[in-house]
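Okay, so here's the structure we're looking at.
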Amino acid sequence: MKKLLIIPLIFLLTGCWNYRELNQLAITTGIAVDKENDNYKITIMIANSKKSSSSDGSITPSAAVYDGTGQTIYEAFKDTSLSVSKQIYLSHIDVLVLSEEIAKNNLTDVIDFLFRYPQTRNNFYLVLAKDKKASDILKVTTPIETFPSQNLAKNLEITDKLQGFTYTVDFTDFTKSLVSEGINPILPSVTIIGNSEEGNKEENVQQNEPSTYLKLDMLGLFKKDKFVAWSNPNQSKGINIINNKIYILGVIINYQNEKIVTEITEMKTDFKVENNKVKITIDTTGAIQEVNANVDLYNLKTIEEIQNSDVEKIKEYVNDAINLAKDNKTDIFGFGNYVYKNNPKKWNEIKDKWDDEIFPSLEVEIEVNLKLQAKGSINNIVEVRE
Amino acid sequence: MKVTNSEYACLSSFLIRSLFFGPAIYSILHFALQDGWISIIVSFILSFIPLIIYYKLLNCNPNDNIVSLNNKLGLIGKIINTILTAFVIFHASLILWNLTNFIYSQFLFQTPLIVIAIVISFGIFYISIKNLTTIARTGTVFFIISTILYFIAALSLISKCDLNGLKPIFNSGIMPILKGSFSSLGLNIFPLFIILIIPKNNIKNNNKIISSFFKVYIFRYLCMLSVLVICVAILGIELTNLYQYPEYHILKTINIANFFQRVESVLSVQWIFDAVMSIALCLYYVKESITKTFNLKNKFNLINIICIISILIIANYIFTSNTVAETFYKNIYPFLTSIFFLIIPLIILIIVKVKKT
């Protein structure tokens, strides 16, 4: 009996059903979605496996970009695959770039396809193409990274950690804020500096100063699944402060008509929503990072004045962000979600008029507790001898 | 052919979790939403009712398993055995369907379902032709591996949990929680009846069976509770309900220092072990039942072969789509298990007790 069992096992243990070798797969690292004549235009960036094997010294592009159109996302993908001699493989996507038009009108179609498709891993980043086509964003080459999509993903990650005005949103986070009660999504954006046409040329990679490059821009606000507005730098900082997405934030204040920069390194924001009023409490720690004024940093009163100015600046960022959200009637902070979680009965009564009526009329109280702990490596300003 | 009390406890733990990944999580969260964790706790309390019945049946005659016990009831007993055997085959088919659907929908979506089912069936068949001691030892090894994988997954995910996701509590009242508890009982606890195929006297140190059983039982319940809490705390109830296998999708989010990532396939092996061992136990039950009820000899493991082919056929044709399956697991199957694995055993117990007196 045991010997008989071995016979079918010989056939079953040879490999997976329909297995594919790595060189048969078109490993997609980035996807861009645009709208073109009422059709979807999908652009995919494929890692070029041929590059690593080229030994004749010829330069082969590290990545190739293909596009296709269709009435549905599925059809557009199938159209794209007509140009590719390998099977499109979506398990290694770094970034999904969405055009403004898609973000305004057809976001859920894109989300549904990628959410449903078993190959995708849902940890890739989403980014909006600001003032440019999404497909152009994916084509801009860079001398720093091998793949443009990887360049964009790493730029998002590093900027998220080192600056306060943008942050990474992965597919799961975005979908979660789309389907959750009382919160609307936000996405970072990217734009092209220079000529889009020049961006995908080989010369762009070979120059010390690339003529065309990608630059992260401000945040895009959504109301449910529709893009509604862009933020400015101060509003972006305010949004990130309320959403607890600050790792490092530069606060620039005017002190005696000169500039002083404080770098915030720890920030924790809590809020409570009660009786049409939001109380936001921000606990933060910072250090003086740059002083362009003639001040005495040994003087406790000076430190206190700088600290108070920083607090006012942070309040200004937060107020700017809230006013932007109120103007566009979109609760991107999750104040409604707080009400839903803490008072679900009340939420059921007010949820239909939350974004349009209640949220814009919310009274806001902001409390900032800032500890200005350090002054960097030196104790006072660099005073030039007279 | 004896098993130790800890092996016995390990085997029973597979039956508890046989339909937990997929159907049970889906049903509990569909009814109770973010209060699903309360449903699990309520079902733990209510589970003592079937456990007492099963324990009494185990103690009725320590030399007899449930099949022999029924056979002593004459014709009625043989009819009950036949019905229960058919239902155990059906139960095994549902477990196989769930496992196949999981593999198909998450890993091998271009592979025909029947091919996946056949490959799994070979392993199950091989386990089932072994004697009880070997099955129990295999189960213990699987249990240890499953436990290690569970701890790796839980510890990797715990930092991502936001317990605010469990709010609001008691949002939809007590009835949805009770419905969720019933689903949990029907899909996780009532199938424990199958473990009664091992007679008490086949368990070494059977005086310690309660303590070893409850250690594993409570551990498994805590695992189920934690899986459900982690899913909702990470994804939120809306996303958790949207995914077909949310417990698998949260494993995809594991990333420790950009080094320990893409480990979901390895960590989900624990569910494959659960399903494989449960079906193997079902086959053992069916084999014992058929040989003892109809006094047949299992020449060339013919009973096992026929059973595994039947399970394969049923699993392949039972549901036309996974929407039908979801509805069945949620709305019908808990009632079926309560009839076959709770009410019928209760009737058997009453008849045996009456006959004894």
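Just so we're on the same page: letters track the sequence lines, and every chain starts at 1. When reading the values below, keep in mind they use all heavy atoms of this one structure, side chains included, and skip hydrogens, waters and symmetry mates.
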Listing request: all salt bridge (Lys or Arg N to Asp or Glu O under 4.0 Å) pairs with a residue in residues 258-273 of chain B, at least two apart in sequence or in separate chains. A:Arg121-B:Glu264
Can you tell me if [atom1] on [X] sees more than 12 non-hydrogen neighbours from other groups inside 6.0 Å?
X: A:Lys223; atom1: NZ; answer: yes
X: B:Phe260; atom1: CZ; answer: yes
X: B:Lys160; atom1: NZ; answer: yes
X: B:Lys330; atom1: NZ; answer: yes
X: B:Tyr104; atom1: OH; answer: no

Is the shortest heavy-atom distance from the side chain of B:Gln110 to the side chain of A:Gln87 under 4.5 Å? yes
For the pair A:Asn123 and B:Lys252, evaluate side chain to side chain contact (heavy atoms under 4.5 Å, CB included) and give the outcome as yes or no after the intermediate values. CA-CA 8 Å; A:Asn123 57 355; B:Lys252 282 185 173 181; over 6 Å; no
Closest heavy-atom pair, A:Pro344 versus B:Pro168, reported as atoms and distance to 0.1 Å, is CG-CB, 3.4 Å
The criterion is salt bridge (Lys or Arg N to Asp or Glu O under 4.0 Å); which residues satisfy it with A:Lys272, sequence neighbours excluded? none
Sort B:Phe107 into side chain, backbone, both or neither according to what part of it lies under 4.5 angstrom from a heavy atom of chain A. neither
Interface check, chain A: of B:Leu166, B:Leu242, B:Thr253, B:Ile116, most non-hydrogen pairs under 4.5 Å belong to B:Leu242
Once you round to the nearest 0.5 Å, how far does CG of B:Asn164 lie from CG of A:Asn337? 8.5 Å
Would you compute the distance between atom OH of A:Tyr340 and atom CG of B:Asn171 and round it to the nearest 0.5 angstrom? 5.5 Å
Applying a heavy-atom distance below 4.5 Å, give me the residues of residues 106-113 of chain A that approach chain B, sorted by number. none
Hey, what's the ring geometry for B:Phe109 with A:Tyr117, parallel, tilted or perpendicular (30° and 60° as the breaks)? perpendicular
Residues 170-183 of chain A, side-chain donor-acceptor partners within the protein, below 3.5 Å, at least two apart:
| from | atom 1 | to | atom 2 | distance (Å) |
| --- | --- | --- | --- | --- |
| A:Asp170 | OD1 | A:Thr172 | N | 3.1 |
| A:Asp170 | OD1 | A:Asp173 | N | 2.8 |
| A:Thr172 | OG1 | A:Asn122 | O | 3.0 |
| A:Thr175 | OG1 | A:Phe171 | O | 2.5 |
| A:Lys176 | NZ | B:Ile234 | O | 2.9 |
| A:Ser177 | OG | A:Asp173 | O | 3.1 |
| A:Ser177 | OG | A:Phe174 | O | 3.0 |
| A:Ser180 | OG | A:Lys176 | O | 2.6 |
| A:Glu181 | OE1 | A:Trp347 | NE1 | 3.0 |

